Amino acid sequence: CGRCQEVCGAGAIDIKAGQIIDRSLCVKCGECCETCDSLALEAAGRYYSPDELREIILRDQEFYESSGGGVTFTGGEPLMHIKYLEDVMDRLKKAGVHIAIETCGYFDYRHFQKKILPLVDLILFDLKIIDPVLHKRFTKKNNELILDNFRRLQQEKKAAVIPRMPLVPGYTTAEKNITSLAEFLADNHFDCCEFLPYNPSGNGKWVAIGKGTSKNFSGLPLTREKELEIRKIFNRKIGVYANEKND
């Protein structure tokens, strides 16, 4: 109907163009979503104050208490917002809620140690590429900080840590990466890792936000046979490395 284009003060919408919203011009004001009666456009996410978020989370407190569970902060990367996270966690900790975070490990440890570590009970620590050259190539970031943060968390033992690896075809699933992961974990006194099955649904999200299809990632999930093969490689190698450490 064109109503979204009429209310767009930034001139970012052209319903005649192949790409309806020019993301370089969009200021994320949300006016187009509010005026869209057909719900073809909708805003993803909104800001909650720490008090608002605490109130929402505590609505399920009976379930946390009966199940022994709690709340997990994930993302994206929640530790990009340490001050906000600290404010929310502090409110939840005072209410007796078990708190977990999922992180890629790329954070300032001193800042984390002071503000987050005293409040968190469980850290789900994602490891992706162990080789520093490949990590830099694929993520554009060095992994020295990530691996060092993992070591420090394990040494301090202030919170439980669960290492995890997302199985991304062509990136993390190479046998060399799996064996390097096993060696790194054995060096840090771990004998297990959670492997996260690859979910190709992210490709559809790229299209939804106007970025087209991603040619770098597979549109198909890993087969069950491939997942089992990866687990067998890891279990075999970490057993060998652990025995070498004991010897």
Side-chain angles (χ1 to χ4, degrees), residues 28 30 33 42-128 139 141 143 145-168 172 181 185 188-202 204-205 208-209 221:
K28 303 177 179 64
C33 300
E42 59 178 336
R46 54 152 290 194
Y47 176 81
Y48 291 91
S49 71
D51 285 327
E52 286 178 313
L53 190 54
R54 172 191 179 277
E55 180 182 345
I56 293 171
I57 291 172
L58 291 184
R59 292 173 188 172
D60 292 325
Q61 189 165 17
E62 291 184 0
F63 295 102
Y64 309 149
E65 294 172 352
S66 63
S67 68
V71 61
T72 301
F73 291 94
T74 179
E77 175 51 58
L79 293 178
M80 290 181 66
H81 313 281
I82 282 186
K83 181 60 175 70
Y84 177 86
L85 199 60
E86 178 193 23
D87 290 343
V88 178
M89 283 184 169
D90 182 60
R91 288 162 169 78
L92 295 177
K93 186 57 64 176
K94 289 175 180 176
V97 176
H98 182 278
I99 299 174
I101 59 170
E102 179 184 4
T103 178
C104 71
Y106 197 86
F107 54 79
D108 183 311
Y109 194 87
R110 289 178 298 175
H111 202 191
F112 172 87
Q113 185 182 44
K114 180 180 179 181
K115 295 183 175 295
I116 302 299
L117 194 53
L119 300 171
V120 68
D121 301 293
L122 173 64
I123 301 169
L124 306 173
F125 200 111
D126 289 356
L127 296 164
K128 299 180 177 70
T139 71
K141 296 288 184 180
N143 67 351
L145 177 64
I146 296 171
L147 300 182
D148 188 54
N149 284 343
F150 186 92
R151 294 187 189 99
R152 294 185 66 176
L153 285 171
Q154 173 62 2
Q155 291 166 1
E156 291 194 25
K157 299 185 182 300
K158 296 291 182 62
V161 178
I162 296 178
R164 313 193 312 169
M165 177 176 280
L167 299 178
V168 184
T172 66
L181 170 69
L185 292 179
N188 288 278
H189 310 291
F190 279 88
D191 60 2
C192 62
C193 179
E194 287 190 359
F195 289 104
L196 309 179
Y198 175 67
N199 185 347
S201 64
K205 295 178 181 179
I209 62 174

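All values derive from a computational prediction rather than experimental measurement.
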*Asks:* Looking only at non-hydrogen atoms, find the nearest pair between Leu117 and Ala159 and report the distance.
*Replies:*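 Smallest interatomic distance, heavy atoms only, reads CD1-CB, 4.2 Å.
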
*Asks:* CG of Leu181 to CZ of Arg164: how many Å apart, nearest 0.5 Å?
*Replies:*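 Answer rounded to 0.5 Å: 13.0 Å.
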
*Asks:* Check step by step if side-chain contact (heavy atoms from CB on, under 4.5 Å) holds for Asp126 and Glu102.
*Replies:* CA-CA 7 Å; Asp126 289 356; Glu102 179 184 4; 3.0 Å; yes

*Asks:* Can you confirm whether the side chains of Tyr109 and Glu156 place a donor and an acceptor under 3.5 Å from each other?
*Replies:*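 Distance-only check passes for Tyr109 and Glu156.
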
*Asks:* Does Glu52 use its side chain to pair, donor to acceptor, with the backbone of Ser49 at less than 3.5 Å?
*Replies:*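 Side chain of Glu52 to backbone of Ser49: a pair is present.
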
*Asks:* Would a 4.5 Å heavy-atom cut-off, applied to side chains only, mark Ile82 and Leu79 as touching?
*Replies:*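 Contact flag for Ile82/Leu79 side chains = yes.
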
*Asks:* Within the structure provided, determine whether Cys104 and Lys128 are in side-chain contact (heavy-atom separation under 4.5 Å).
*Replies:*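 SC-SC contact between Cys104 and Lys128 confirmed.
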
*Asks:* Do Glu55 and Leu53 pass the side-chain contact (heavy atoms from CB on, under 4.5 Å) test, and can you show the C-alpha distance, the side-chain angles, and the key distance before you say yes or no?
*Replies:* CA-CA 5 Å; Glu55 180 182 345; Leu53 190 54; over 6 Å; no

*Asks:* Is any side-chain heavy atom of Leu119 closer than 4.5 Å to a side-chain heavy atom of Glu86?
*Replies:*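 Side-chain contact under 4.5 Å: yes.
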
*Asks:* Donor-acceptor pair, Asp108 side chain versus His111 backbone, under 3.5 Å?
*Replies:*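 Yes, because the side chain of Asp108 sits within donor-acceptor range (under 3.5 Å) of the backbone of His111.
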
*Asks:* Would you name the heavy atoms of Asp87 and Arg91 that are closest together and state the gap between them?
*Replies:*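 Nearest heavy atoms, Asp87 then Arg91: O-NH1, 2.9 Å.
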
*Asks:* Work out which heavy atom in Val97 is nearest to a heavy atom in Gly70; give both atom names and the distance.
*Replies:*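 Scanning both residues, the minimum pair turns out to be CG1-CA, 4.3 Å.
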
*Asks:* Between Val88 and Arg54, does a side-chain contact (heavy atoms from CB on, under 4.5 Å) hold up when you go through it step by step?
*Replies:* CA-CA 6 Å; Val88 178; Arg54 172 191 179 277; 5.5 Å; no

*Asks:* Sequence neighbours excluded, which residues qualify as ring pair (Phe, Tyr, Trp, His ring centres under 6.0 Å) partners of Phe107?
*Replies:*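 Phe107 satisfies ring pair (Phe, Tyr, Trp, His ring centres under 6.0 Å) with Phe112 only.
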
*Asks:* Show the nearest heavy-atom pair for residues Cys192 and Leu185, with the distance to one decimal.
*Replies:*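 Looking at all heavy atoms of both residues, the shortest contact is O-CD1, 3.6 Å.
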
*Asks:* If you compare all heavy atoms of His98 against all heavy atoms of Gly69, which two are closest, and at what distance to 0.1 Å?
*Replies:*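 It is CB-O, 3.6 Å.
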
*Asks:* Say whether, by atom type as modelled, one donor and one acceptor occur between the side chain of Asp121 and the main chain of Ile99 under 3.5 angstrom.
*Replies:*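 Yes; judged by distance alone, with no hydrogens or angles, the pair exists.
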
*Asks:* When rounded to the nearest 0.5 angstrom, what distance separates CE in Met165 from CG in Leu167?
*Replies:*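 The CE atom of Met165 sits 8.0 Å away from the CG atom of Leu167.
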
*Asks:* Using a 4.5 Å cut-off on heavy atoms from C-beta on, say whether the side chain of Leu147 contacts that of Leu127.
*Replies:*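 A side-chain contact under 4.5 Å exists here.
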
*Asks:* Take Leu85 and Ile116 through the side-chain contact (heavy atoms from CB on, under 4.5 Å) test and state the conclusion after the steps.
*Replies:* CA-CA 8 Å; Leu85 199 60; Ile116 302 299; 4.1 Å; yes

*Asks:* Please report the shortest heavy-atom distance between His189 and Gln154, naming the atom on each side.
*Replies:*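 Between these two residues, the closest heavy atoms are CB-NE2, 4.0 Å.
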
*Asks:* Distance-only, no hydrogens or angles: does the Tyr64 side chain make a donor-acceptor pair with backbone N or O of Gly96 under 3.5 Å?
*Replies:*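 Not a single qualifying donor-acceptor pair exists.
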
*Asks:* Filter on salt bridge (charged side-chain N to carboxylate O under 4.0 Å, His left out), then keep only pairs touching residues 63-73, sequence neighbours left out; what's left?
*Replies:*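 Passing the test, one end in residues 63-73: no pairs.
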
*Asks:* Which value, rounded to the nearest 0.5 Å, describes the distance between Ile146 atom CD1 and Asn143 atom CG?
*Replies:*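 Ile146 CD1 to Asn143 CG: 6.0 Å, rounded to 0.5 Å.
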
*Asks:* Can you find a pair of side-chain heavy atoms, one from Thr74 and one from Ile101, that are under 4.5 Å apart?
*Replies:*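 Contact flag for Thr74/Ile101 side chains = no.
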
*Asks:* Flag yes if more than 12 heavy atoms outside Arg110 fall under 6.0 Å of its CZ atom; otherwise flag no.
*Replies:*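 No, not enclosed.
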
*Asks:* Once you round to the nearest 0.5 Å, how far does CD of Glu62 lie from OG of Ser67?
*Replies:*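 The distance works out to 11.5 Å.
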
*Asks:* Give a yes or no on whether the backbone of Pro166 and the side-chain of Thr172 come within a donor-acceptor separation of less than 3.5 Å.
*Replies:*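 Confirmed, Thr172 side chain pairs with Pro166 backbone.
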
*Asks:* Step through the shown structure and confirm whether more than 12 heavy atoms of other residues, nucleotides or ligands are within 6.0 Å of OH on Tyr47.
*Replies:*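 Above 12, so yes.
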
*Asks:* I need the single residue from Thr103, Leu124, Leu92 that forms a side-chain contact (heavy atoms from CB on, under 4.5 Å) with Phe73. Which is it?
*Replies:*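 Going through the options one by one, the only one that passes is Leu92.
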
*Asks:* Of all residues at least two apart in sequence or in a different chain, which pass the ring pair (Phe, Tyr, Trp, His ring centres under 6.0 Å) check with Phe150?
*Replies:*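 With neighbours one apart ignored, the set is Phe125, Phe184, Phe190.
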
